[in-house]
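What follows is a set of notes on a single structure, which appears directly below.
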Amino acid sequence: FGDGAGIYVSDASPLIQGNLISSNTGYGAGLHVIGSSSSPRIINNVIARIVEGGINCAGSAKPRIINNTISDNTGDGIFISSSTPDSIINNIISLNSDYGIYESSTTSDPGKVWYNSFYANGSGLYRDEGTTDYYTVSSLNASVAECKNNIEGDPLFVDRVNGNYNLRSGSPA
């Protein structure tokens with residue numbers, strides 16, 4: 001793509017699994033998904049320390065974002081603009097400088113936001129439809145229809161300073 005995205009998906013539906021996307025600079029999220037025929041499965045990746053945020057979903061894309069660690073990014077963990085992700089399930093979304101998840105408009109509702117672990121995202125856990133902020137999972141799970149069974153707490157990474165995002169024993173995640 002040439003603008004800094006670690007992985008760029010346009011009108012395609014690949015399996016994106018088991019990657020470390022880290023320390024990208026320049027313009028572009030760690031993973032950028034765009035296009036009405038884009039329905040990638042994004043599974044078991046670590047997306048960390050990206051200058052423009054973790055995952056960007058745009059242009060009617062419908063990704064499934066499952067079992068990822070999205071942490072320590074400048075910007076939002078997951079940014080959704082004019083896109084309807086099928087599901088955002090069982091991810092660790094932590095320590096991003098802006099929101100954990102940011103929906104930029106009313107056309108951006110994911111189908112399911114379930115069983116995610118949120119922790120210490122700078123602006124809040126979730127920005128719903130570009131207008132309403134949620135700071136606790138109890139309010140998020142109770143107030144946003146697509147959000148169920150999410151938790152919050154320190155994921156207890158082994159050594160995030162040195163890039164080890166594995167979990168220590170006792171992690172709530």
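Side chains are part of it too, since the values below use all heavy atoms of this structure and drop only hydrogens, waters and symmetry mates.
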Original post:
Without hydrogens or angle criteria, can the side chains of N164 and N162 be said to hold a donor-acceptor pair below 3.5 Å?
Top reply: no
**OP:** Side-chain contact test, heavy atoms from C-beta onward, threshold under 4.5 Å: evaluate it for Y126 versus N150 and give yes or no.
**Re:** no
Original post:
Mind checking whether F79 and D98 have side chains closer than 4.5 Å, heavy atoms only?
Top reply: no
**OP:** Report the C-alpha distance between V144 and S139 in whole Å, list the side-chain angles of each, state the deciding distance to 0.1 Å, and finish with yes or no for side-chain contact (heavy atoms from CB on, under 4.5 Å).
**Re:** CA-CA 8 Å; V144 180; S139 64; over 6 Å; no
Original post:
With side chains defined as the heavy atoms from C-beta onward, is the minimum distance between W114 and S87 less than 4.5 Å?
Top reply: no
Subject >> Sole residue of V113, N121, D76, N91 in side-chain contact (heavy atoms from CB on, under 4.5 Å) with I101 >> reply: V113
Original post:
Taking V33 as the fixed residue, which of S83, S38, S13 is the one that meets the side-chain contact (heavy atoms from CB on, under 4.5 Å) rule?
Top reply: S38
**OP:** Could you pull out the closest heavy-atom pair between N116 and I89, with the gap in Å?
**Re:** OD1-C, 3.6 Å
**OP:** Specify the closest pair of heavy atoms between G18 and N45, including all atoms of both residues, with the distance to one decimal.
**Re:** N-OD1, 3.2 Å
Subject >> Atom of P85, atom of C57 and distance for their closest heavy-atom approach >> reply: CG-SG, 4.3 Å
**OP:** Could you grab the distance from atom CD1 of I93 to atom OG of S71, nearest 0.5 Å is fine?
**Re:** 10.5 Å
Original post:
Taking C-beta and beyond as the side chain, do L20 and I47 meet within less than 4.5 Å on heavy atoms?
Top reply: no
Subject >> Minimum side-chain heavy-atom gap I16-I7 below 4.5 Å >> reply: yes
Subject >> NZ on K148 to OH on Y115, rounded to 0.5 Å >> reply: 11.0 Å
Original post:
Rounded to the nearest 0.5 Å, what separation is found between the CG atom of N44 and the CD1 atom of I42?
Top reply: 12.0 Å
Original post:
Which value, rounded to the nearest 0.5 Å, describes the distance between S117 atom OG and L125 atom CG?
Top reply: 9.5 Å
Original post:
Taking E103 for the side chain and E129 for the main chain, is one N or O donor matched with an acceptor at less than 3.5 Å?
Top reply: yes
Subject >> Atom pair OG (S171) and CZ (F157), whose distance is rounded to the nearest 0.5 Å >> reply: 7.5 Å
Original post:
Would you find a donor on one side and an acceptor on the other, under 3.5 Å apart, between the side chain of N90 and the backbone of N67?
Top reply: no
Subject >> Within-4.5 Å side-chain heavy-atom neighbours: S94 and N96 >> reply: no
Original post:
Are L140 and I78 grouped together when hydrophobic residues (ILVMFWY) are joined by side-chain heavy atoms under 4.5 angstrom apart?
Top reply: yes
**OP:** Determine, stepwise, if the pair D72 / R160 fulfils side-chain contact (heavy atoms from CB on, under 4.5 Å).
**Re:** CA-CA 9 Å; D72 292 296; R160 69 177 257 273; 2.6 Å; yes
**OP:** Report the residue from I88, I55, D109 that forms a side-chain contact (heavy atoms from CB on, under 4.5 Å) with I80.
**Re:** I88
Original post:
How about I50 and I21: do any of their side-chain heavy atoms sit closer than 4.5 Å?
Top reply: yes
**OP:** Answer yes or no: is there a side-chain heavy-atom contact under 4.5 Å between H32 and V9?
**Re:** no
Original post:
Are I70 and V46 in one and the same hydrophobic cluster, where Ile, Leu, Val, Met, Phe, Trp and Tyr link if side-chain heavy atoms are under 4.5 Å apart?
Top reply: no
Original post:
Nearest 0.5 Å, what's the CZ-OH distance between R49 and Y165?
Top reply: 4.0 Å
**OP:** Using the salt bridge (charged side-chain N to carboxylate O under 4.0 Å, His left out) rule, take D133 and R127 through it: C-alpha gap first, then chi angles, then the decisive distance, then the call.
**Re:** CA-CA 5 Å; D133 294 340; R127 179 147 204 171; 3.3 Å; yes
Subject >> Shortest non-hydrogen contact between N56 and A29, atoms and distance >> reply: CB-CB, 3.8 Å
